[in-house]
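What follows is a short report on a single structure.
As the structure is a computational prediction, the values presented were derived from the model and not from experiment. Order of appearance sets the numbers: ligands from 1, and atoms from 1 within every ligand.
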Amino acid sequence: MRPPLVYHQAYSAPLPSSHRFPMAKFRLLHDHLRRHDLARPEQLHEPLPIPRRALELVHNRAYHEGFSQNRLSAADQRRIGLPATRPLVRRSWLAVGGTLLTARLALRHGLACHLAGGTHHAFPAYGSGFCIFNDVAVTARLLLAEGAVTRLMVVDLDVHQGDGTAAIFAAEPRVVTFSAHAASNFPLRKQTSDHDLSLADGLEDDGYLALIGGLLPELLEQARPELVLYNAGVDPHRDDRLGHLALSDTGLLLRDRMVLETCLRRGIPVATVIGGGYDDLAALVARHGLVFRAAAEVGLLLGL
Ligand SMILES: [Zn+2]
């Protein structure tokens with residue numbers, strides 16, 4: 001079976017063409033996956049906006065209303081780095097709903113992939129670094145509140161620390177957070193995840209894969225999660241504009257395969273989100289496509 005995928009055509013909200021966030025990547029990723037036979041129509045699921053009561057399991061009302069009604073202070077808006085236009089507000093609510101739907105599909109099918117998500121710099125009362133709402137945190141809190149799972153783990157391999165996620169779950173033993181990131185990257189002031197792997201600038205494929213591969217099985221054995229939420233950010237790539245590591249395309253593909261196989265062979269379902277990546281659109285979109293290729297391969301291999 002091919003893994004279920006979650007996508008909404010409103011994900012690529014229009015931004016001024018001069019804006020440095022590559023907002024078109026979601027739509028282009030969808031087109032790329034369709035072209036490469038990695039997203040057949042029967043695989044695609046469309047999310048609903050996250051319900052307000054679910055969002056409020058993480059974000060306080062003053063913040064989400066302030067953002068959604070474009071009433072945040074100029075400083076708070078700048079910290080996010082994206083304008084609160086109506087399409088952007090809509091896609092922000094949809095993308096959290098998308099990660100939730102992806103997690104539900106993963107629990108049902110073993111593996112599911114979101115064509116967005118991974119906005120891990122968002123904190124309960126403010127957004128930061130292009131992240132408005134913390135989709136993974138909202139999803140984890142809701143699944144726990146519903147009793148759908150009793151323990152889960154966030155595996156965040158975006159090149160930037162998952163600081164919002166780490167802070168949100170600092171006092172939550174049912175959510176184990178693991179972030180592997182370049183030590184020198186944003187955010188300057190790191191939070192404390194349950195497990196932080198701080199990486200040196202310029203780290204290449206072999207060293208990176210050995211470190212992650214050496215740690216992940218042990219973390220899974222300790223945490224025994226019933227679901228892994230995997231941020232497959234592609235900004236550890238050597239050509240990334242914001243990342244400080246030096247992975248190749250092959251390195252990213254091997255990483256994604258390794259994470260998926262390590263979890264799935266233990267019977268732990270995985271929901272993937274795409275996370276960050278900053279490069280020319282064509283290269284970036286192909287890079288985000290790697291986790292979908294890994295998911296198709298691993299799904300086939302393990303007969304999901
Ligand atoms: Zn990042």
Tell me, which N, O or S atom in Asp158 is closest to the Zn ion (ligand 1)?
OD1

Below 2.8 Å, any N, O or S contact between His160 and the Zn ion (ligand 1)?
yes

Any salt bridge between Asp235 and Arg287, counting N to O under 4.0 Å?
no

Sequence neighbours excluded, the answer for salt bridge (charged side-chain N to carboxylate O under 4.0 Å, His left out) partners of Arg141 is none

If you look at Asp235, which of its N/O/S atoms is nearest to the Zn ion (ligand 1)?
OD2

Which class fits the ring pair Phe130 and Tyr278: parallel under 30°, tilted 30 to 60°, perpendicular over 60°?
tilted

Quick check with a 6.0 Å cut-off and a 45 degree axis cone: is Arg91 positioned over the face of Phe26's six-membered ring?
yes

